[in-house]
Amino acid sequence: MQKFSMTLFAFLMASSLYSGHLSAKGDKKEKQLGPARTEHSAYFSENRQGIPPEKLREADQLRLQTISSIQNLMTAPNMQGPRKFELYLRMGELYAERAE
């Protein structure tokens, strides 16, 4: 019985090492590139031609109000890490939209 368990243990160890060796050598994944610059601009904003300047100013004021409220939320003492990260992302999106 002890010989069987030692053999089984050795087999399991060898098979796990062998499968790890295969996956390390056999998997040649292509390097995934990030989005191109043109994809970023398409994500952050739409074409704003033909929109009245009043509407653009109104949208910018709304962005400023949103940025201000996000900054106020960030100072809350009970802010969780994942939520804070999402707020940073949203604030970055707003700043990018304003920059365009």
Side-chain angles (χ1 to χ4, degrees):
M1 182 67 172
Q2 187 178 10
K3 187 175 182 179
F4 175 74
S5 62
M6 291 298 288
T7 306
L8 181 62
F9 177 76
F11 175 75
L12 291 174
M13 290 296 293
S15 66
S16 67
L17 289 173
Y18 184 71
S19 66
H21 178 71
L22 282 180
S23 65
K25 282 191 171 184
D27 272 351
K28 291 187 178 179
K29 295 182 181 178
E30 292 183 23
K31 185 177 179 181
Q32 293 183 353
L33 300 175
R37 184 177 298 265
T38 56
E39 292 169 345
H40 281 294
S41 63
Y43 173 75
F44 285 121
S45 68
E46 297 176 1
N47 188 359
R48 293 187 178 145
Q49 292 178 356
I51 299 176
E54 307 85 44
K55 292 287 186 182
L56 292 175
R57 278 193 294 276
E58 184 180 327
D60 193 48
Q61 288 301 318
L62 183 60
R63 284 187 198 101
L64 287 173
Q65 289 175 356
T66 306
I67 289 171
S68 174
S69 60
I70 287 174
Q71 288 172 341
N72 290 338
L73 282 172
M74 299 287 238
T75 60
N78 59 350
M79 179 62 62
Q80 300 292 324
R83 179 70 177 141
K84 193 176 241 187
F85 178 72
E86 291 174 4
L87 289 173
Y88 274 123
L89 288 177
R90 179 63 185 134
M91 195 163 48
E93 290 174 351
L94 291 169
Y95 278 125
E97 287 174 3
R98 288 197 74 222
E100 293 179 350

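From a predicted model like this one, the values you see are computed outputs, not experimental measurements.
Side-chain contacts under 4.5 Å among hydrophobic residues (ILVMFWY), followed directly or transitively, place L64 with no other residue at all.
Here the closest heavy-atom approach between residue I70 and residue R90 is recorded as CD1-CG, 3.8 Å.
Take P53 and apply the side chain to side chain contact (heavy atoms under 4.5 Å, CB included) test, not counting sequence neighbours, and it matches R57. Listed by chain and number, the residues in a side chain to side chain contact (heavy atoms under 4.5 Å, CB included) with I67 are Q71, M91, L94, Y95, R98 (sequence neighbours excluded). The salt bridge (charged side-chain N to carboxylate O under 4.0 Å, His left out) check on E86 picks up R83, with sequence neighbours excluded.
In this structure, OG1 on T66 lies 11.0 Å from CD on Q61, to the nearest 0.5 angstrom. Going from atom CD of E58 over to atom CD1 of I51 covers 11.5 Å, rounded to the nearest 0.5 Å.
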